[in-house]
Amino acid sequence: MPATILVGAQWGDEGKGRVADWLAGESEVVARFAGGDNAGHTVVVGEKVYKLHLVPSGILHPGITCVLGNGMVINPVNLIREMDGLQASGVDMSPERLVISTRAHIITPAHIALDGASEKARGDQAIGTTLRGIGPAYLDKTGRKGIRAGQMADVEEFANALYDSIEQANRVLAEHGVEPLDPQAAAAVYVDAAARLKPYLRDTSVYLNQRLKTGARVLCEGAQGTLLDVDHGDYPFVTSSSPTAGGALTGLGFGPCHVDRVVGVAKSFSTRVGGGPMPTELHGELGDRLRGTGENFWDEYGTTTGRPRRCGWLDAVVLRYAAQINGFTELVLTKLDVLSGFDELKIALAYEIDGKRVDYPPSTVAELERATPVYESLAGWSADISRIQAAADLPEATRAYIRHIEALCDVPVPMVSVGPERDQVVFF
Ligand code: IMP
């Protein structure tokens, strides 16, 4: 049985957690391949709301093994905290349920301090990172001086590597005028977490290839989104990993021959958190309406940072691009219920930049900032669709909106979500 890759088609926060939860039901293994605890997936099961940052949502399905792949950057302290929280909710967190790649990289307290200092130094050009130390951890990885998860197997070696990392960071922090970290104190809690994570360490590429060979279906659960990809996103307003389909293969260590499905997830409108261009952003009443008040956990406020998200009309330029970069075989649309009650809905078909029409995002932020969306108007619908279960019961205007997106991206839409609960989905 082959692998399915699940990725975000926009700027993250597309509702991948609940789609992963659906696809996990058809999988034996669920694996994260990029990023770290900058991600936040919310999954609702009955009365319970689970907020996951590092552990794949497959953990909520008994019998599934979850993998933290080599492409990830892992904060051991936050991972232990998340595992303890899941265990307290009755989720089995034994080493049969979770395996951690010995090749994944470790986020240290130094990385977190450096993330904050670097954002401050950028001033009004700040990326708006999640301040989880993601960028500095990948910087050490590609600079060939990172600490890998496998080093946690030898607690003394791990502690020494941590002290070195903190001492090196202190020199940089001093240049930024930031208080240095006390290496012993900052590292202590990380060393304790490392000792607890030792039984979970494994060569996950070998493990995944063995499982694929013996017929297991593997779900590669993406975090963030295509427009945050370090190569394909709105550089430099991106994360430091490859959250796109290609990243799944390098981030897990198996070949493309195993992949038979690439599922994109897009919200039915656009949101973005942090800095960077967003051509269809709406300010004022329409944007506020899409965002919600924040009273409900599914309103547009970050799962990881609580920041209000920037909201706007659906951008088909972005979706078309994401379909191309990732090779989507299907596209799931989420939060369609939020669009109920708008008289008119708009979709950006193209951008106009310096008098020229462009169908794909330009590669520079400067050009994107000059982009004016070329909109198409579609009729809205007034009915509450949040309890509809059958596609035929959706208003005609809702079905037309979905069909139009399929045509614009040339990808079929097999499922839409109309609310936060597991069963608030409509299949086509
Ligand atoms: P970093 O990944 O913390 O370095 O943040 C870099 C950019 O990616 C910032 O604009 C963040 O807001 C954004 N970002 C990172 N992770 C997520 C996510 O899971 N959802 C949405 N945006 C994210």
Side-chain angles (χ1 to χ4, degrees), residues 6-20 32-43 51-57 71-75 78 82 105 107-108 110-122 124-142 221-244 247 251 264-267 269-278 281 291 297-312 318 322 334-335 365 368:
L6 171 72
V7 291
Q10 296 155 316
W11 289 275
D13 307 318
E14 296 92 350
K16 293 178 293 296
R18 59 109 35 97
V19 182
R32 276 263 323 257
F33 55 86
D37 61 335
N38 47 349
H41 288 170
T42 307
V43 183
K51 292 197 185 241
L52 303 168
H53 296 281
L54 282 160
V55 179
S57 30
M72 291 186 69
V73 285
I74 297 171
N75 179 321
N78 290 349
E82 195 170 322
H105 275 250
I107 293 183
T108 70
H111 295 140
I112 296 171
L114 290 170
D115 200 356
S118 140
E119 280 289 88
K120 210 163 163 204
R122 279 176 168 267
D124 61 5
Q125 286 303 300
I127 309 290
T129 75
T130 58
L131 301 176
R132 295 293 193 270
I134 305 293
Y138 279 114
L139 204 58
D140 274 357
K141 173 180 171 172
T142 50
E221 179 181 324
Q224 288 84 46
T226 301
L227 273 288
L228 292 176
D229 184 283
V230 69
D231 285 282
H232 303 292
D234 307 323
Y235 191 89
F237 294 97
V238 292
T239 190
S240 299
S241 68
S242 300
T244 40
V265 184
K267 209 174 275 183
F269 48 99
S270 299
T271 66
R272 178 168 199 163
V273 64
M278 182 180 173
E281 182 170 9
R291 187 175 305 108
F297 67 82
W298 61 89
D299 286 344
E300 296 297 344
Y301 293 79
T303 312
T304 302
T305 58
R307 291 178 289 178
R309 296 179 186 140
R310 300 153 66 192
C311 296
V318 162
T334 60
K335 296 194 77 167
V365 163
L368 262 173

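Order of listing sets the numbers, starting from 1, for every ligand and every atom in it.
A 4.5 Å side-chain heavy-atom check between Val7 and Pro243 finds every atom pair outside the cut-off. Taking the side chain as every heavy atom from C-beta outward, Asp231 and Thr244 never approach each other to under 4.5 Å. With a 4.5 Å cut-off on side-chain heavy atoms, Tyr138 and Val73 count as touching. You'll find the side chain of Val230 reaches within 4.5 Å of the side chain of Tyr235, heavy atoms only.
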**OP:** List the steps and the verdict of side chain to side chain contact (heavy atoms under 4.5 Å, CB included) for Asp13 and Arg309.
**Re:** CA-CA 9 Å; Asp13 307 318; Arg309 296 179 186 140; 3.2 Å; yes
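Note that OG of Ser241 is 8.5 Å distant from NZ of Lys141, once rounded to the nearest 0.5 Å.
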Check ligand 1 against the protein and report each N/O to N/O distance under 3.5 Å, formatted as atom name, atom name, distance.
from	atom 1	to	atom 2	distance (Å)
ligand 1	2 (O)	Asn38	ND2	2.9
ligand 1	2 (O)	Thr239	OG1	2.6
ligand 1	3 (O)	Thr130	N	2.8
ligand 1	3 (O)	Thr130	OG1	2.6
ligand 1	10 (O)	Val273	O	3.3
ligand 1	12 (O)	Gly128	O	3.3
ligand 1	12 (O)	Val273	O	3.1
ligand 1	12 (O)	Arg307	NH2	3.1
ligand 1	16 (N)	Gln224	NE2	3.2
ligand 1	19 (O)	Asn38	O	3.4
ligand 1	20 (N)	Asp13	OD1	3.0

